[in-house]
Engineer: 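I'd like to ask some things about the structure below.
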Amino acid sequence: MTLRVYDTRSRSKRVLTPLEEGKIGIYACGITPYSPSHIGHARQAIAFDIIVRWLRKTGYEVNYISNFTDIDDKIIAVSQEEGVDFLEVANRNIEDYFTVMDKLNVIRANSYPRVTETIPEIIEMIGDLIRKNHAYVSADGVYFEIDTAPEKYGQLTGQTLEMVRKGAGGRVAETGSGKRDHRDFALWKSAKEGEPSWDSPWGHGRPGWHIECSAMSLKHLGERFDIHGGGTDLLFPHHEAEIFQSECCLGHDPVVQYWLHNGMINVDGEKMSKSEGNFWTVSEALQNVDPLVLRYALINAPYRQPVDFNTVMIEDSSSHYGRLLSSYSEALHVSKESHIGQYEIESLNISSERLINGMNDDFNTRKALVEIQVVVKELASLLQSNDRDPIRIGEYVTWLEEFAGGVLGILPPRKSASEFYENKLSRRSEIESEVERLLEMRDVARESKDWSKSDKIRDELHEMGVVVEDGPEGTRWHVL
RNA sequence: GCACGGAUGGCAGAGUAGCUAUGCAAGGGAUUGCAGAUCCCUGGACCCGGGUGCAAAUCCCGGUCCGUGCUCCA
């Protein structure tokens, strides 16, 4: 089955055909580091992490670029507020980004270009746009002139020039800058007093918001590349502006073959965003939630769907992840190696096929998760049974490592999974004699039908973290 | 207002024409002093109104509701 992806520009799922056989270039808009990363950033990072993982597993050599827009109005605002250099603000938040994304098991991109390291390329591109009459110099900067390429308007959002003219309503009057038309957008902003700036043919200033991505994608991926991604909130104006800039500068279209956009995180049904003030930073969330539980929660819906972030979905993910981890870690303990991709167990092959079909259908992580859940359930029941065949269990371990680990990234490293299980074992042996003693007392109580005493002992054991289970073959117990 | 998405059982969330989605939760049974674990079984949904079809959750038209974008945003 071939891989199909939903392309925002054509509004349909299209078979992914790379420009160069066997290779994929992908650019995903990263963050503007003016504050610590929030859950929405994590969603974006994880979505494209999984896309890249899947492309690689499919056999593509992937060049994945994700940028930092490390100079902009908000970064300047924060730096002025704190009285520190703007780069200090940016660096601090970039560090936070890497710290939390590492915890969330996000594989690093091949490169993380920054605006401040791309200034010469940006200046060159702006110069090019001016020479080609797509941009004009004004009193307060350089602007892209929309009317020079009206056919490119609305490529991603379906809006026409007229619609925006109307829809902008009262805001249109506030243009107030050197723009000729309110829909023109800044390529270069002249420096204001006390702001960081770079020298350019148009005086000191800094890049406008959109030009950096055109310049960086060109620099790192070339004049045409396969995939451009980002959140749906960037559709307009950011990504449409990029289309204007890149295509008008390079003189061909399309520059980007496929546009992929991830959905937003909602809180109580509304988009979580910094400006709404209803956001959780990732590090705040990680104080209460295991990073892999958070990752699990964020891939529970396909990447294009909005995700409603609330305690119920976290608890749900937590219990699913708990099942996965406890089965995996126990299986690891009793298993023998097997080889990835070659499974004797028929149900594993069926699940593989379903999972692969799901991922090939626009990276449907939900379908993949369903198969993980099914396999975990089978494994748990196998571990519970008397038939704990190490080779069979080994196949489950390998399968989980291939798909839950490699593809979805929701499995901890072997080492920590083993430790998880060994901690349970050592806790078990630590308290074993005490537990046995209490259980004997309980047995005596039970024989004399002294249920209140028996239950009291069970409660006591429960407080020690021991779960008691009476079965047909006597009483068993395990550590929570 | 305009644009783009979405609306499926208690919850999450698949499914684009006919065949059990799945997981969790719930109910019933087995087991059990009770509880838990396990096993077996079960119920339950396709926003509304039209249309096309032998057949529609699935296609078409109209409507309603929700989200996002139109302003800095992943």
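Every chain is numbered from 1 and lettered A, B, ... according to where its sequence line falls, protein lines coming before strand lines.
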Engineer: Among the candidates U22(B), G67(B), C11(B), find the nucleotide nearest to the side-chain atoms of Q373(A).
Structural biologist: U22(B)

Engineer: On RNA chain B, check which nucleotide each of K74(A) and A301(A) is closest to and give me the residue with the more 5' one.
Structural biologist: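 This one resolves to A301(A).
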
Engineer: Looking only at side-chain atoms of L234(A), point me to the closest of C70(B), G23(B), A74(B).
Structural biologist: A74(B)

Engineer: Between G6(B) atom P and K271(A) atom NZ, what is the distance in whole Å?
Structural biologist: 19 Å

Engineer: Closest to the V374(A) side chain: A74(B), A37(B), U22(B)?
Structural biologist: U22(B)

Engineer: Could you work out the separation of A12(B) and A17(B) based on their P atoms and round it to a whole Å?
Structural biologist: 26 Å

Engineer: Please measure how far the P atom in C60(B) lies from the corresponding atom in U22(B), and state the result in whole Å.
Structural biologist: 28 Å

Engineer: Classify G230(A) by what it touches in the nucleic acid, base, sugar-phosphate, or nothing, heavy-atom distance under 4.0 Å.
Structural biologist: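 Answer is sugar-phosphate: G230(A) comes under 4.0 Å of backbone atoms only.
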
Engineer: Can you check the distance between C2(B) and G62(B), where both ends of the measurement are the P atom (answer in whole Å)?
Structural biologist: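 Approximately 13 Å lies between the P atom of C2(B) and that of G62(B).
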
Engineer: Between atom CG in D362(A) and atom P in G15(B), what is the gap in whole Å?
Structural biologist: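 After rounding, the reported distance stands at 10 Å.
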
Engineer: Choosing from A14(B), G15(B), A74(B), which nucleotide comes nearest the side chain of D361(A)?
Structural biologist: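 Looking only at side-chain atoms, D361(A) lies closest to G15(B).
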
Engineer: What about D455(A), does its side chain sit under 3.5 Å from the base of G33(B) through a donor-acceptor pair?
Structural biologist: yes

Engineer: Any side-chain donor-acceptor pair under 3.5 Å between H261(A) and T232(A)?
Structural biologist: no

Engineer: Under 3.5 Å, is there any donor-acceptor pair linking the side chain of D72(A) to the base of C72(B)?
Structural biologist: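 It does not, because no donor-acceptor pair links the side chain of D72(A) to the base of C72(B) below 3.5 Å.
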
Engineer: Base, sugar-phosphate alone, or nothing: which one does I39(A) contact when heavy atoms must sit under 4.0 Å apart?
Structural biologist: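 Touches nothing.
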
Engineer: Is there a side-chain contact between K367(A) and the phosphate of G13(B), meaning an N or O under 4.0 Å from OP1 or OP2?
Structural biologist: no

Engineer: Check the distance between U71(B)'s C1' and F185(A)'s CZ and give it to me in whole angstrom.
Structural biologist: 15 Å

Engineer: Side-chain contact, heavy-atom cut-off 4.5 Å: T116(A) with F86(A)?
Structural biologist: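 Touching, per the 4.5 Å side-chain cut-off.
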
Engineer: Ignoring hydrogens and angles, are the base of G33(B) and the side chain of S454(A) linked by a donor-acceptor pair under 3.5 Å?
Structural biologist: yes

Engineer: With a non-hydrogen cut-off below 4.0 angstrom, is L235(A) in contact with a base, only sugar-phosphate, or nothing?
Structural biologist: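 Counting heavy atoms under 4.0 Å across all strands, no contact is made by L235(A).
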
Engineer: What's R323(A) touching, base or sugar-phosphate or nothing? Going by heavy atoms closer than 4.0 Å.
Structural biologist: sugar-phosphate

Engineer: Under 4.0 Å from OP1 or OP2 of C72(B): is there any side-chain N or O of T32(A) that close?
Structural biologist: no

Engineer: Starting the side chain at C-beta, find the nucleotide from U22(B), U38(B), G69(B) nearest to R366(A).
Structural biologist: U22(B)

Engineer: Is there a donor-acceptor contact under 3.5 Å from the side chain of N93(A) to the main chain of V89(A)?
Structural biologist: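 Answer holds: yes.
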
Engineer: How far does the C1' atom of G36(B) sit from the matching atom of G15(B), given to the nearest Å?
Structural biologist: 36 Å

Engineer: Looking only at atom P, what distance separates U68(B) and G50(B), rounded to whole Å?
Structural biologist: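 Result for the P pair: 32 Å, nearest Å.
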
Engineer: Categorize R304(A) for me: base, sugar-phosphate, or nothing, with a 4.0 angstrom heavy-atom threshold over every strand shown.
Structural biologist: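 Since no nucleic acid heavy atom lies under 4.0 Å of R304(A), the category is nothing.
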
Engineer: Taking the chi torsion of G53(B), is it syn (within 90° of 0) or anti (everything else)?
Structural biologist: syn

Engineer: Rounding to an integer number of angstrom, what distance separates G51(B) and A57(B) when you compare their P atoms?
Structural biologist: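 To the nearest whole Å, 15 Å.
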
Engineer: Counting any heavy atom closer than 4.0 Å, what does H238(A) reach on the DNA or RNA strands: base, sugar-phosphate only, or nothing?
Structural biologist: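 No contact at all - H238(A) keeps every heavy atom at 4.0 Å or more from the nucleic acid.
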
Engineer: So what does the secondary structure string of RNA chain B come out as, 5' to 3', with Watson-Crick or wobble pairs under 3.5 angstrom, [ ] for crossing and | for pairs with another strand?
Structural biologist: (((((((..(((.....[...))).(((((.......)))))....(((((..]....))))))))))))....

Engineer: Send over the distance from R446(A) CZ to G33(B) C1', rounded to a whole Å.
Structural biologist: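 My rounded result for the distance is 8 Å.
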
Engineer: Would you indicate what S381(A) reaches in the nucleic acid, counting non-hydrogen atoms under 4.0 angstrom: base, sugar-phosphate, or nothing?
Structural biologist: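 Sugar-phosphate: the residue S381(A), judged by heavy atoms under 4.0 Å, touches backbone atoms but no base.
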
Engineer: Check every strand shown and say whether E469(A) touches a base, only sugar-phosphate, or nothing at a heavy-atom separation below 4.0 Å.
Structural biologist: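 Base contact - E469(A) has a heavy atom under 4.0 Å of at least one base atom.
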
Engineer: Where the side chain of Q159(A) is defined as all heavy atoms beyond and including C-beta, which of A14(B), G69(B), A35(B) is the nearest nucleotide?
Structural biologist: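 When the side chain of Q159(A) is considered, G69(B) is the closest of A14(B), G69(B), A35(B).
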
Engineer: Taking CG from L461(A) and P from C34(B), how many angstroms apart are they, rounded to a whole number?
Structural biologist: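 Checked: the CG to P distance equals 20 Å.
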
Engineer: Is it the case that R304(A) places NZ or CZ above or below the six-membered ring of Y6(A), under 6.0 angstrom from the centre and within 45 degrees of the axis?
Structural biologist: yes

Engineer: Base, sugar-phosphate alone, or nothing: which one does R476(A) contact when heavy atoms must sit under 4.0 Å apart?
Structural biologist: nothing

Engineer: Here's a test for you: under side chain to side chain donor-acceptor pair (under 3.5 Å), which of R14(A), Q257(A), K13(A) qualifies with D7(A)?
Structural biologist: R14(A)

Engineer: Let me see the working for Y303(A) and Q44(A) under side chain to side chain donor-acceptor pair (under 3.5 Å), right down to the final yes or no.
Structural biologist: CA-CA 8 Å; Y303(A) 75 97; Q44(A) 189 274 144; over 6 Å; no

Engineer: Measuring to OP1 and OP2 of U22(B), would you say a side-chain N or O of K377(A) lies under 4.0 angstrom away?
Structural biologist: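 So the side-chain polar atoms of K377(A) never come under 4.0 Å of the phosphate oxygens OP1 or OP2 of U22(B).
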
Engineer: For the pair made of CG in L324(A) and P in U22(B), what is the distance, rounded to whole Å?
Structural biologist: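 Nearest whole value for this atom pair: 20 Å.
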
Engineer: A7(B) and C47(B): how far apart are their P atoms, nearest whole angstrom?
Structural biologist: 8 Å

Engineer: Is M264(A) touching bases, backbone alone, or none of the nucleic acid, heavy atoms closer than 4.0 Å?
Structural biologist: base

Engineer: Could you check, using the six-membered ring where one of them is a Trp, whether H38(A) and W280(A) have ring centers closer than 6.0 angstrom?
Structural biologist: no

Engineer: Name the nucleic acid region contacted by D73(A), choosing base, sugar-phosphate or nothing; use a 4.0 angstrom heavy-atom cut-off, strictly under.
Structural biologist: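 Result for D73(A) = nothing.
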
Engineer: Which comes earlier along RNA chain B counting from the 5' end, the contact point of G263(A) or that of D308(A), where each point is its nearest nucleotide?
Structural biologist: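 Result: D308(A).
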
Engineer: Could you give the distance from CD (E371(A)) to CG (L348(A)), rounded to the nearest 0.5 Å?
Structural biologist: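 Between atom CD of E371(A) and atom CG of L348(A) there are 10.5 Å.
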
Engineer: When you get a sec, tell me which of C34(B), G23(B), A12(B) is the closest nucleotide to the side chain of N300(A)?
Structural biologist: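 It is A12(B).
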
Engineer: Closest approach to the side chain of Q384(A), judged atom by atom: which nucleotide of C34(B), G5(B), A37(B) is it?
Structural biologist: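 Per side-chain heavy atoms of Q384(A), the pick is A37(B).
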
Engineer: Can you measure L156(A) atom CG to C70(B) atom C1' for me and round it to whole angstrom units?
Structural biologist: 14 Å

Engineer: Round to a whole Å and report the spacing from OH of Y303(A) to C1' of A12(B).
Structural biologist: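 Distance check: Y303(A) OH to A12(B) C1' gives 20 Å.
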
Engineer: Compute the centroid of each ring, for Y64(A) and then for Y27(A), and state whether the two points are separated by less than 6.0 Å.
Structural biologist: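 So the answer is no for these two rings.
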
Engineer: Record whether the side chain of R458(A) comes under 3.5 Å of the base of C34(B) through a donor-acceptor pair of N or O atoms.
Structural biologist: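 When only heavy-atom distances are counted, R458(A) does reach the base of C34(B) through a donor-acceptor pair under 3.5 Å.
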
Engineer: Under 6.0 Å from the six-membered ring centre of F98(A) and within 45° of its axis: does the NZ or CZ of R108(A) meet both?
Structural biologist: yes

Engineer: Please tell me whether H210(A) and H239(A) form a close aromatic pair, meaning their ring centres lie under 6.0 Å apart.
Structural biologist: no

Engineer: Check whether NZ of the Lys or CZ of the Arg R428(A) lies under 6.0 Å from the centre of the six-membered ring of W477(A) and within 45 degrees of that ring's axis.
Structural biologist: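 Positive - R428(A) is close enough to the ring of W477(A) and near enough to its axis.
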
Engineer: On a whole-Å scale, what distance lies between the P atoms belonging to A45(B) and C39(B)?
Structural biologist: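 These two P atoms come out 27 Å apart once rounded.
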
